[in-house]
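Notes for the one structure printed next.
Chain A is the first sequence line, chain B the second, and so forth, proteins listed ahead of strands; every chain is numbered from 1. Just so you know, these numbers use all the heavy atoms, side chains as well, and skip hydrogens, waters and symmetry mates.
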Amino acid sequence: MEHERCYIYSPSKSDERPSKRQRTIKLNFQTDLSARLDIYRKVWTQQETNIQTTLEEADSATQGQIIDFVATSARSQDELQASIQTGLIVAGPSIASHGPYFERLGRRIRNETDSSYIVLTSAESPNLKTFLKNLIKKITSRTEDDEDDEGLRNGVVSSRRGPRLLNFDLGHVQEWLKRNQVQSIVIAIQDSEAFDTGLLIEMIDLFYSWIDRLPFVLLFGIATSAENFEDRLSGKSLRYLDGQQFDVTQSDEIIEKLFRATVAHPDAEPHIGPALCRRILERQKDHVQNVQDFVHGLKYAYMSHFYANPATIFLKSNPKFSDFSSDAFDAVRNLPSFRRYVEEKVEDGNTRAVRQLLDSNKALYTIIEGFIFAAQDSLSSQNVAAIVLTRIRESLGITPKIRLSSIWTRAASGELSGSPLLRETMLSIRKTPSDELMRLIDSLISLTTETIGPEAEPIVIPIDLKSLRQELTALVENNAGSEPLRSQDDVRNESVRTTVVAQKVLLSKHKAALTEQDKAYSQIVTRFCDDLGSYFRFALVDPKSLPLHEIMVYDLRSPHTEVFQPKPRLAIERALATPHDYLGCDCCGVTQDGENTLAATQPATAILYQLYLESGALVNVSDLWSAFHAIMSKEDEEDESQTMALFQRALAELKFLGLVKPSRKKTDHIAKMMWKGL
Amino acid sequence: MVSAKRKRHDEEGEHVSPRKLRTQVIEDDVLSELEAQTPSRRGRGLLQENGTPRSILKKSGLANEFNNTPKSNRRLLFATPTKEARDETPNGTPTIVRNADRSARRKSNRRLINRAINGADSDGEAVDEEETLAQQILSDNEEEEDEGEDTEVPVPETPSKRRPGRPKGSGKNQLASKARKERETTPPTGLPAHEEYFWQNRPGGTKTSNNTLLAHSLLNHDEFFEAMQAYTDRHEPEKEFLLELHGRAYDQWIFELEEGFNICLYGYGSKRAITGEFTARMYRHLLDQAPYKGTMRTPKIVVINGYAPGITLKDILTTIASAACHNSGKLPNQPTSLLSYILDHVSKDPPTHPILVVIHSVDSPSLRKSPAPAILASLAAHESINLLCTADTPNFPLLWDVGLRAQYKFLFHDATTFAPYDVEIDVVETVNELLGRSGRRVGGRDGVGFVLRSLPEHARSLFRILVTEQLALSYMDDGDGTEEEDVTATPKSKKSAHRNVSEATQGVEYRTLYHKARDEFVCTSEVAFRTLLKEFHDHQMIESRKDAMGTERLVVPFRQEELETLAEELSGGDAF
């Protein structure tokens with residue numbers, strides 16, 4: 001089988017045996033797995049719908065514009081057109097998210113307008129003929145493919161309406177249009193940059209010549225800029241197009257929205273930890289810029305959480321004591337945070353309770369329930385606090401603008417409480433004039449969670465905003481002047497006086513006399529700030545300090561990084577340079593100074609690789625062989641052919657891995673291709 | 001072998017010069033020497049470009065060229081009227097002066113020349129004559145002299161500074177070069193990676209011995225397999241353990257696949273054992289599930305051996321189509337339309353579980369080419385198809401850009417096994433190719449002889465023409481090579497450009513060979529020519545390549561020495 005190119009797998013008899021051996025290993029670990037995975041599926045399905053709605057919402061505005069554009073161009077189809085209606089969709093540099101974007105756009109266009117919609121990519125369009133074939137196939141949704149070519153070969157097969165058309169003749173579309181009355185045919189060119197310019201020009205020419213018969217509307221996906229797109233086309237082709245530009249929400253903004261809807265959502269469960277979150281966001285920013293990848297990262301975090309942590313079974317909705325096995329309880333007893341909790345209890349001298357927790361599952365269950373509820377609560381309020389803080393900063397226009405994602409990450413890692421960021425925000429509130437404060441309070445009252453479908457819930461802050469608001473309104477109404485009220489901390493109520501006394505400049509701050517109303521306002525502001533401060537102090541806790549936070553928060557970098565950002569080159573280099581790291585054998589261990597030495601016991605390829613590392617850019621194979629031979633032949637001198645065979649195999653493997661290539665500079669020389677660690 | 005020897009020495013000479021400059025800067029007494037030397041290096045460059053130094057020195061015009069610059073320097077140092085006169089002479093006396101004082105025999109020569117110059121300044125003819133004489137003496141002398149000193153010859157010496165300056169300088173140089181050599185033999189250790197790169201790529205750093213492997217030291221297929229069968233790896237238990245470690249992750253992988261991710265395994269060692277075991281596990285896992293449990297139906301898992309030479313996209317897609325689509329209608333021919341056929345089919349009539357496609361070596365040369373990654377990506381992006389890939393090369397992620405990567409939805413797992421790539425690599429063949437010995441395939445020179453003996457007379461002549469042409473080309477190449485080796489100190493780019501040229505011009509152009517063959521009445525038409533070539537092709541005695549310009553070139557895959565013997569035997573006539 002191994003020498004066949006492709007085949008369908010069929011089991012051989014010998015495959016049965018090892019399976020039984022393995023099945024015994026995994027038994028105790030996997031007990032609740034399916035139950036946990038059920039929870040995972042439930043949780044994730046909800047998140048996924050959240051994500052989907054958020055995504056659709058994110059580009060609904062632009063998509064609405066595009067749909068309007070398509071609809072109007074369809075309506076104006078009746079009069080003779082001088083040019084093709086063209087939408088230039090500037091979708092930004094994150095090409096990976098273009099595909100899904102055009103898919104969503106297509107769904108809406110098909111649903112909301114009376115037009116047919118197809119997407120064409122550069123991969124399917126190497127030349128005009130193939131482009132047209134694909135286009136016709138997609139529009140008319142024909143499945144037959146090669147028959148036309150055969151028809152061509154057999155001579156022209158004539159049908160009722162004269163000679164049969166070639167399969168790249170737009171006449172097919174015309175015929176199809178007669179049968180299916182649509183107002184316009186929307187053709188989306190997903191990656192216009194990747195198209196050959198010549199092809200684009202030919203295509204536009206062709207469409208233009210058919211515009212009197214076929215109601216084309218073109219949509220170009222553009223990753224760079226509309227100007228750049230125009231520059232590529234000739235003046236003639238440009239005259240055929242009647243363009244309008246649409247700017248799509250950029251991926252980083254969408255990701256911010258997604259973040260709000262998923263990670264920072266107060267009802268999120270389980271929570272993603274700050275370290276992992278930072279990593280996902282960094283990867284987004286530096287490497288991929290791709291919404292899908294963010295979603296995948298999140299999904300994988302959820303997967304790992306429920307797959308690898310047996311204690312997550314307690315996240316079950318409507319839990320009953322009978323649902324859980326003793327393994328699950330043991331898993332909880334092994335959690336570090338539980339141990340810490342128990343140790344504290346022991347130090348307090350509460351040994352009886354501890355004994356009970358360790359012995360009785362029932363007792364443990366009650367405490368787990370309480371802990372999970374409390375942890376959920378405080379994590380949720382922390383998310384709210386992060387949202388509130390972001391909203392305050394937004395509302396007051398405090399610079400630098402900090403996104404929710406970074407505020408949230410800081411909050412979740414417990415850095416926010418008492419941080420300069422928080423202090424700065426509070427100070428700015430103290431200085432706010434009344435009109436701005438009014439706006440701020442209003443926006444806080446109306447604060448809701450990220451609108452997810454119908455269930456956008458208001459966010460409740462445990463501050464009596466309503467009464468504050470009433471007092472403030474009363475105060476402002478009584479204010480005769482047109483100027484807004486100012487608090488005592490406002491800079492405008494201060495003036496700096498300089499007096500020169502005995503050739504020294506004295507600076508003295510002077511508070512302007514406050515009016516009664518200003519004084520009253522100052523009180524309100526102070527009360528608001530105090531409330532807010534105590535709220536933040538209460539809400540911003542370090543999640544790591546919560547007992548059983550391991551169940552609620554997933555914050556492991558380990559599988560995540562390797563799985564999404566592998567370092568294959570490093571892995572191979574490490575395997576070859578220090579095979580002991582992988583093999584863990586006794587024979588080729590590490591010497592005392594930590595340096596790996598060449599030993600005959602190492603795998604042949606590893607030895608050859610290390611010799612290769614020492615050599616220059618050009619390697620003499622003959623010398624390489626003598627060095628290899630010198631290392632290998634220490635034990636058995638009798639036959640060279642085995643050493644040679646190993647040498648040849650190792651050399652072939654280096655070639656296979658792309659580490660060397662033939663060199664023509666000298667006989668029996670090979671060229672080095674890779675340097676370790678670069 | 002004369003040329004090779006010369007090459008080496010010249011190379012050494014080149015290494016010396018920059019260092020020499022440095023030492024002399026420190027030792028500031030020989031300013032003049034320094035000034036005089038710098039241009040001389042340029043002169044040398046010229047000299048080499050025009051062929052062997054000896055012949056050039058005889059040509060007065062060229063000698064003049066490379067002595068131009070020193071002249072101007074000298075004028076600054078010694079503004080004597082005689083200098084002016086010398087400058088006028090086309091051939092710059094420095095050469096004479098410098099060279100003539102080599103030996104006692106030359107001393108008399110010098111006196112003669114000096115007299116001639118001082119006595120008859122304007123007499124250009126006389127000077128020229130003397131010069132030619134001096135140069136002849138010089139070139140004669142050079143032959144006797146050590147090659148090492150050869151490099152010093154063009155250095156113009158001022159007569160006054162000669163005695164104290166010259167030997168001192170050269171002594172220094174020798175010392176310096178010796179020191180350098182010693183340092184080179186022990187390369188610095190513990191360099192950071194980038195420093196090591198530059199150290200190993202420094203100009204002239206690639207000095208390797210001329211040793212070659214003995215013709216029969218490399219094993220052929222039979223010997224290789226015999227030796228490998230006798231070999232037992234002492235690390236078997238550890239490798240088993242590694243496999244078992246990976247085996248523990250199979251359930252996790254199944255879960256990941258079920259969640260719509262695709263998996264890519266990387267790391268050193270053949271991963272066929274892992275994929276094999278995993279496929280079996282997946283197969284049983286699927287058998288336990290709904291549509292198969294208790295029925296005779298079996299799940300379908302597609303296995304693709306990407307390392308198999310000549311695997312095409314069509315093979316892959318057809319196999320996937322046979323697994324994914326139940327109706328056995330006619331499949332489209334083109335890969336792209338076949339792809340959309342499959343995707344259409346699985347979207348309309350989704351299978352009860354995603355079809356698992358196992359691809360070994362997704363980064364193999366045949367799957368790297370342009371449409372393959374994109375097509376595989378759109379397959380992988382479909383939710384009804386699961387991909388389990390293995391990748392062997394260290395830099396495989398470069399195959400996919402962000403868009404493809406997002407489509408692939410890969411989770412990467414390190415699956416280092418240390419298992420030999422028994423199936424993936426044809427060891428003997430790869431090594432032969434690596435060392436440019438693919439001719440061994442035919443059974444070496446004897447094999448060629450055997451084939452030729454069974455062929456008609458004109459086929460033999462055609463092969464002879466091909467071999468001689470190729471040899472002639474490679475000699476020309478070697479000429480280039482000498483020159484190229486000499487200018488090691490010039491920028492690397494030039495060197496590599498050179499190498500590329502010689503690589504590209506390897507082999508004989510198809511057209512040229514045809515014309516030659518026709519001229520020698522080996523064949524009369526191109527058809528006949530083709531027929532003759534086909535026979536060679538069939539016996540793998542020739543290879544045809546396309547160079548950068550797209551012209552076809554025919555190559556006899558032997559090393560130069562073997563070619564030479566072949567050519568001898570062929571032109572001997574009765575050998576075959």
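Side-chain atoms of I8(A) and V303(B), non-hydrogen and from C-beta on, never get closer than 4.5 Å to each other. Side-chain contact check for T208(B) versus K666(A): some heavy-atom pair is nearer than 4.5 Å. Between S641(A) and E223(B) the shortest side-chain heavy-atom distance does not fall below 4.5 Å. Looking at heavy atoms from C-beta onward, Y9(A) lies out of side-chain contact with L356(B) at the 4.5 angstrom threshold. With a 4.5 Å cut-off on side-chain heavy atoms, P662(A) and L435(B) do not count as touching.
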Checking F412(B) against F564(A) for the ring pair (Phe, Tyr, Trp, His ring centres under 6.0 Å) test, could you report, in this order, the C-alpha distance in whole Å, the side-chain angles of both residues, the deciding distance, and whether it holds?
CA-CA 6 Å; F412(B) 296 90; F564(A) 286 105; 8.5 Å; no

Given side-chain contact (heavy atoms from CB on, under 4.5 Å), test D414(B) with Y582(A) step by step and report yes or no.
CA-CA 11 Å; D414(B) 185 346; Y582(A) 277 95; 2.7 Å; yes

Could you walk me through whether Y307(A) and D251(B) pass the side-chain contact (heavy atoms from CB on, under 4.5 Å) test, one step at a time?
CA-CA 10 Å; Y307(A) 189 88; D251(B) 285 319; 3.5 Å; yes

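For T430(B), the side chain to side chain contact (heavy atoms under 4.5 Å, CB included) partners are A652(A), K655(A), I425(B), not counting sequence neighbours. Not a single salt bridge (charged side-chain N to carboxylate O under 4.0 Å, His left out) links E226(B) to another residue, sequence neighbours left out.
Proximity to chain B is limited to the backbone of K567(A), based on heavy atoms less than 4.5 angstrom apart. Heavy-atom distances place the side chain of Y40(A), and not its backbone, under 4.5 Å from chain B. Looking at N620(A), the atoms closer than 4.5 Å to chain B (heavy atoms on both sides) sit in the backbone and in the side chain alike. Of the atoms belonging to S304(A), not a single heavy atom falls under 4.5 Å from chain B. Contacts between E258(B) and chain A at a heavy-atom distance below 4.5 Å involve the side chain alone, from C-beta outward. Neither the backbone nor the side chain of R574(A) comes within less than 4.5 Å of any heavy atom of chain B. Residue L657(A) touches chain B through both its backbone and its side chain, counting heavy-atom pairs closer than 4.5 Å.
E653(A) and Y268(B) form a side-chain donor-acceptor contact under 3.5 Å, judged by distance and modelled atom types alone. No donor-acceptor contact under 3.5 angstrom links the side chains of T212(B) and D668(A), judged on distance only. Side-chain contact check for Q200(B) and W675(A): at least one donor-acceptor pair (N or O, by modelled atom type) lies under 3.5 Å.
Annotation: maximal heavy-atom pairing with chain B below 4.5 Å, among M674(A), H669(A), H98(A), R649(A), occurs at R649(A). The candidate with the highest count of non-hydrogen atom pairs below 4.5 Å against chain A, out of S322(B), G267(B), G310(B), P397(B), is G310(B). Of the listed residues (S626(A), S615(A), G99(A), G658(A)), the one with the most heavy-atom contacts under 4.5 Å to chain B is S615(A). Your options are N134(A), D191(A), T605(A), and the one with the most heavy-atom pairs under 4.5 Å with chain B is T605(A). By number of non-hydrogen pairs under 4.5 angstrom with chain B, the leading residue of T130(A), L570(A), L37(A) is L37(A). When each of K676(A), K299(A), E573(A) is scored by its heavy-atom pairs under 4.5 Å with chain B, the top score falls to K299(A).
Across F418(B) and A575(A), no two heavy atoms sit closer than the pair CZ-O, 3.2 Å.
Atom OG of S622(A) sits about 4.5 Å away from atom CG of L213(B), to the nearest 0.5 Å. Distance CD/E259(B) to CH2/W44(A): 9.5 Å, rounded to 0.5 Å.
Without hydrogens or angle criteria, H296(A) side chain to F261(B) main chain gives no donor-acceptor distance under 3.5 Å. When atom types are taken as modelled, the side chain of N211(B) and the backbone of D623(A) share no donor-acceptor pair closer than 3.5 angstrom.
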